[in-house]
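Note that these values count all heavy atoms, side chains included, but never hydrogens, waters or copies made by symmetry.
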Amino acid sequence: MRSLVNPLRIGVAWLWISLIVLLPIAAITTKAFDHGWSGFWDALTAKNAVSTLVITVWVSLLVTLINVVMGTVIAWVLVRDDFPGKGVVNALIDLPFALPTIVASIVLLSLYGPDSPIGLTLNATQPAIVIALAFVTLPFVVRQVQPVLIELDREVEEAAASLGAPNRVIAAKIVIPTLLPAILSGAGLAFTRAIGEFGSVVLVGGNVPGQTQVASQYIQQQLEVDNQVAASAVSVALLAIAFVLLAVMRFVGSRTAKREENSE
């Protein structure tokens, strides 16, 4: 019975993945090559397409680096420290998951727009995009690192401290290597979310070509003028970037985890 059930489950899983993931990817890839390789390349290397991809990747990398640091610090505080309102802070981390991203853009526009109540006008600038993307991607790092910190054996840290190891050595030799796979996983998820984000930047970003226009806005613009090949070409480029990055992150993370297991 077991030999019959397992293939059935596997088949159902592959069918669902094909319907939800593989078929849409195949469709958009086919559309991108409607005019052949030359048409795809021309669409991808158009001036505005190149600039929007550069801006998207650059801002997403910056946001990922920021959230790798701040997300790890926040996860550490939530696991290792007790303070009033800890439960509220822990719940707020998941707010970007529940809140429609367009609402985040409205809030950020009201805060950093022309009538900013704090006197800081950032709309239609790259810093505004960084803030918006940092908001929507922070939970990915925190929620990846937090469970690993909870399971981390503190006796090893205490033993190292009792032997006279300073905190920086404990962090570098024990804590960070253990957290690294989770940090890389969170970074990969944050980056891939950032390069495809639309709602949180649609208002506060300004959508200025060559300055603040991100790839998702460029794709929408091309669809509005019925240039589906250009929209599909940039979409395929984003898919390729995301796939390569996630593959590299997974490889590095698995190698690091195996190295840690062997060292134990």
TODO: Quick one: closest heavy-atom pair of L19 and P24, and the distance?
DONE: O-CD, 3.5 Å

TODO: Can you label the angle between the W37 ring and the W41 ring as parallel, tilted or perpendicular, going by 30° and 60°?
DONE: parallel

- [ ] Examine F191 and I66 and state if one hydrophobic cluster contains both, with Ile, Leu, Val, Met, Phe, Trp and Tyr joined whenever side-chain heavy atoms are less than 4.5 Å apart.
- [x] no

Task: For the student: nearest non-hydrogen atoms of A104 and F135, plus distance - done: CB-CE2, 3.6 Å

Task: Cluster overlap I74 with W76, hydrophobic side-chain contacts below 4.5 Å - done: no

Open item on the list: I'd like to know if the side chain of S18 reaches the main chain of W14, judged simply by a donor and an acceptor atom lying under 3.5 Å from each other, with no hydrogens or angles considered.
Closed with: yes

- [ ] Group every Ile, Leu, Val, Met, Phe, Trp and Tyr by side-chain heavy-atom contacts under 4.5 Å, then state whether V73 and V88 land in the same group.
- [x] no

Open item on the list: Can you classify the ring geometry of F33 versus F40 as parallel (below 30°), tilted (30 to 60°) or perpendicular (above 60°)?
Closed with: parallel

Task: Neighbour count above 12 (heavy atom, 6.0 Å) for E151 CD - done: no

Task: Shortest non-hydrogen contact between T52 and Q213, atoms and distance - done: OG1-O, 2.8 Å

Open item on the list: Show the nearest heavy-atom pair for residues E197 and S216, with the distance to one decimal.
Closed with: O-OG, 2.6 Å

Task: For the student: nearest non-hydrogen atoms of T212 and G205, plus distance - done: OG1-O, 2.7 Å

Task: Side chain T192, main chain L189, donor-acceptor under 3.5 Å - done: yes

Open item on the list: Please tell me whether I219 and L53 are part of a single hydrophobic cluster in this structure, the criterion being side-chain heavy atoms less than 4.5 Å apart.
Closed with: yes

Open item on the list: Restricting to non-hydrogen atoms, name the atom on P117 and the atom on S110 that form the minimum distance, rounded to 0.1 Å.
Closed with: CD-O, 3.2 Å

TODO: Kindly state each residue pair satisfying salt bridge (charged side-chain N to carboxylate O under 4.0 Å, His left out) with at least one member in residues 10-33, sequence neighbours excluded.
DONE: K31-D34

Task: Cluster overlap I55 with L61, hydrophobic side-chain contacts below 4.5 Å - done: no

